[in-house]
Amino acid sequence: MSDGSPSKSKRELRAERRRGPAPALGRLEFLRWMWAQLTSMRTALLLLLLLAVASLPGSFVPQRGVDARAVEAFRGRHPDLSPWLDRLGVFSVYSSPWFSAIYLLLMVSLVGCIIPRSRIYLRALRARPPKAPRRFERLPASGTFETSADVDTVLAAARRVVRRSRVDVVTEDGEGGSRGELRAERGYLRELGNLVFHISVVVVLVGVAVGSLIGYRGAVIVTEGNRFSNVLTQYDEFTSGTWFDPDSLPPFSLELDDLVAEFDIGDGPQRGAPRLFEANGTFRDGLDGDEEDYSIRVNHPLSIGSTDIFLVGQGYSPVIRVTDPEGNVVFDEAVPFLPEDATYTSGGVVKVPDIQPEQLGMQGFFLPTAASTGEGEASISIFPAAANPYIALQAWTGDLGLDEGTPQSVYVLDTTDMTQVLNENGDPFRIELQPGQSSTLPDGTVVEFTRLQQFARFQISSSPLAGLPLGGVAVGLGGLVLSLFVRPRRTWVRATSDGSRTVVEVAALDRVPRDDLPDDLTAFIDRLRDEIEPQETP
Amino acid sequence: MTLAEYAEFSNYAVASGTLVLALAFLAHLAELLFVRQEAVVPATASVGGASQGSVAVADEDDDEVEPRSAVLSRVGIALTIVATGLLVAGVVTRALASTRVPWGNMYEFGLTGVSIALVVYLVLVRITAIQWIGPLVTGFGLAILGLAWSAYVPAGPLVPALHSYWLVIHVAAVMIAGALFLVGASASLLYLLKERAENKGHVGPILSRVPTIATMDRLAYRTHAVGFVLWTFGALIAGPIWAHYAWGRYWGWDPKEVWAFITWVVYAGYLHARATAGWKGRGAAIIALAGFATFLFSYYGVNIFVPGLHSYAK
Ligand code: HEM
């Protein structure tokens, strides 16, 4: 549609109007003018490039929706800049008002462009190929030859040669002989493809937006031997669309029996690279369905109804038992430590609220394969599998702050109302344990690392309309191929007979100019001559 | 051969392929130098006498002794063919050594990508004689091979997140798209240079060997059109499907995804610009170059500068 399209002349009119002195516009005219501006291709182009620019900051500044912890870390590192970035919405670019504004304007522009073009296209579908221009030499490719065949034979042959085109044949008998004209047009699929493509862009944009409004996504850490039930309170992280009702979470539950993690044990630089992660256990669909076995691997989620459960991470949960000085066990749980690097050096927090008289909190790290780096130096982890598990903690006593009603992360220890437990030299008391070992705090509390378990981090999500954008892009791709590679072409054949000889003139015009048109036309004329006089071919 | 022998063979093949490509690049550079010199000689000769006769004599000379630049051009192409053969052999043996597709980390991605780009370029040389972009393509290829070497890892199996046939499809489509974008960007760059020279009224000897700006515009358009289709498929269909299985969401504005999207938008902008009065030609060519810059950043920059989920980044 780049040449000779009605929209182009409209565009020119618009441009002319813009160039003149601005007339005083009525409100309706102004709106119409705005609409024309918005739906012009130039505006679409600018909006498109603007959208690219607008999505830039989100790739450099961490995003809340992607990694909330990274956002907090970033804020810690840039205390002066962050309030400004926050005000501008840079921590959640893709849901910020300005991003949405560009997105919406682009949608409107697209729709405003599609509707009139579809109307034009529908009209063009019914239209007949246009009349031949008077002078063929003016067209980008033309040729002529003479033959003894009559006009009807020539035109019938031409009709066979143009093959799959829309064709009209007009003939008239004059005084000195007869004349006839064949008009052929092909390539209507190009514009159709273009429309399909642009419509599917709208479908994808709408599909993604609606999908995120009615979907949900959450993450949960489950230690071996534990069960997860799909209710809001069990999630560690949960986000859902505005239209999603968290009470309508589908009821299912799953138990993790065994987590398999294998790492490269070769000596090369790939040593320690992950090779296999697999979570095995049983699940139950609904409240009283049957127990069924599952096995989830990376790239192989478990689907329960419309919900998918993905294995997105794994790590270690040392089982910690705390016994108070009177000998009562006040804590005995597997505590997930979150991996911080490729060797699974993991950080974690143990909160013991049920100990008297003061609550106890411990914070430290876990190393799956500890190795000492020298006298007095901290140990490091040298391999991600648990060959030499080791845990190092420091302890605080006081008020954990759990009762104040403000939600608190289980992975953060708030020590504002606590005092650190010190040893007899006044240095922080260090608890260093391997499985089976225990350590006694100065007040007689015993902390024991009984055994090591593993945890799986599952992402649980429902993307109910995922098929819509996916189907949209797939159909759009088909449209794109048509719109880029179909060549619309008009061909005219005019035959003029003086009774004995017939002069045949041929011309072609591409709606999208191409350089091989003259060659194509020569080939066309050869085929036409063969078709008219087959016996003459050698 | 054993897996280790395949791996070793692959390294030798890639190393020698890189060297030969460097020679091809040098040959093309030398070719450009000779083009300049040769341009000076006939110019001075024609000052003396511009009669028909003297021109004819000069022509006869040309028939006997092929200009050095033409020889060097053919040497450059021949070396490029050898380099491509070596690199392809390196890619194939790398795949045999690790018993999987050869695009599981940055090294392999760069290596396979350059091999595909060179094959596409050589096929186009065959079809439409575009050896005039030789210096650009071999230069870029060398740069990307250098980046790949800097991320070298020995052949080995994949990390679990990459165990997916969608990865195969996704990366293959994206790499071929990248190869086409490279050819398209080279044509657009030369287009801009030559157009500027024409506007100034002085087209130097090197640029006058390059075909007309209309030809380059057309080449750029075709390679970008095919590349855009493949990019749409690879980055916007296969990528999200893989992401769905690997991470539980098909699109999450991960930095790599953001940049794939930006690249797509900029190239869509290019296709639009070519169909918009006032943006045709120059404007479109500039957008095409911007598109290639965003492509390079989404391929390499993101992995270096921005942490993200794409786990072969490290
Ligand atoms: C995400 C947004 C968009 C994308 C990815 C996109 C993509 C494309 C592509 C690939 C073409 C084919 C170019 C060609 O035929 O050479 C095209 C053509 C076109 N687009 Fe868009 N487009 C978008 C938005 C829009 C919008 C908002 C408008 C309308 C205001 C628009 C109007 C047009 C027009 C008029 C053409 C025809 C150009 C021609 O036939 O040569 N596009 N678009």
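Only a predicted model underlies this, so the values are computations on that prediction, with no experimental measurement involved. Convention: sequence-line order gives letters A, B, ...; per-chain numbering from 1.
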Counting heavy-atom pairs under 4.5 Å to chain B, which of [options] comes out on top?
options               : answer
A:L56, A:V208, A:V481 : A:L56
A:F458, A:Y94, A:F263 : A:Y94
A:V473, A:L45, A:V312 : A:L45

Checklist entry - Is it the backbone or the side chain of B:A273 that comes under 4.5 Å from a heavy atom of chain A, or both, or neither? => result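 Backbone plus side chain of B:A273, per the 4.5 Å heavy-atom cut-off to chain A.
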
Next on the checklist: Which atoms of B:F261 are under 4.5 Å from chain A, going by heavy atoms: the side chain, the backbone, both sets, or neither?
Outcome noted: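 The side chain, not the backbone.
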
Could you tell me whether the side chain of [Y] reaches within less than 4.5 Å of the side chain of [X], counting heavy atoms only?
X      : Y      : answer
B:I262 : A:S55  : yes
B:H244 : A:D308 : yes
B:Y245 : A:V298 : no
A:P469 : B:Y250 : yes

Next on the checklist: For B:W253 together with A:F99, are the ring centres under 6.0 Å from each other?
Outcome noted: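 Yes.
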
Item to check | Heavy-atom closest contact (B:A225 atom, A:L484 atom, distance) | outcome: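 Taking every non-hydrogen atom into account, O-CD1, 3.8 Å.
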
Checklist entry - Which heavy atom in A:L48 sits nearest to a heavy atom in B:V265, and how many Å separate them? => result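 Looking at all heavy atoms of both residues, the shortest contact is O-CG1, 2.9 Å.
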
Checklist entry - Picking from B:T215, B:V229, B:V226, which has the most non-hydrogen pairs under 4.5 angstrom with chain A? => result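 The answer is B:V229.
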
Would you give the length of the straight line joining atom [atom1] of [X] to atom [atom2] of [Y], rounded to the nearest 0.5 angstrom?
X      : Y      : atom1 : atom2 : result
A:L49  : B:I287 : CG    : CD1   : 5.5 Å
B:L271 : A:F197 : CG    : CZ    : 8.5 Å
B:I237 : A:L477 : CD1   : CG    : 4.5 Å

Next on the checklist: Are there over 12 heavy-atom neighbours, none belonging to B:E195, within less than 6.0 Å of that residue's CD?
Outcome noted: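 Correct, the count exceeds 12.
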
Next on the checklist: So for A:P62, is it side chain, backbone, both, or neither that comes closer than 4.5 Å to the heavy atoms of chain B?
Outcome noted: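 Neither part.
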
Item to check | Region of A:S461 in contact with chain B, defined by heavy-atom distances below 4.5 Å | outcome: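 For A:S461, the contact with chain B is made by the side chain alone.
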
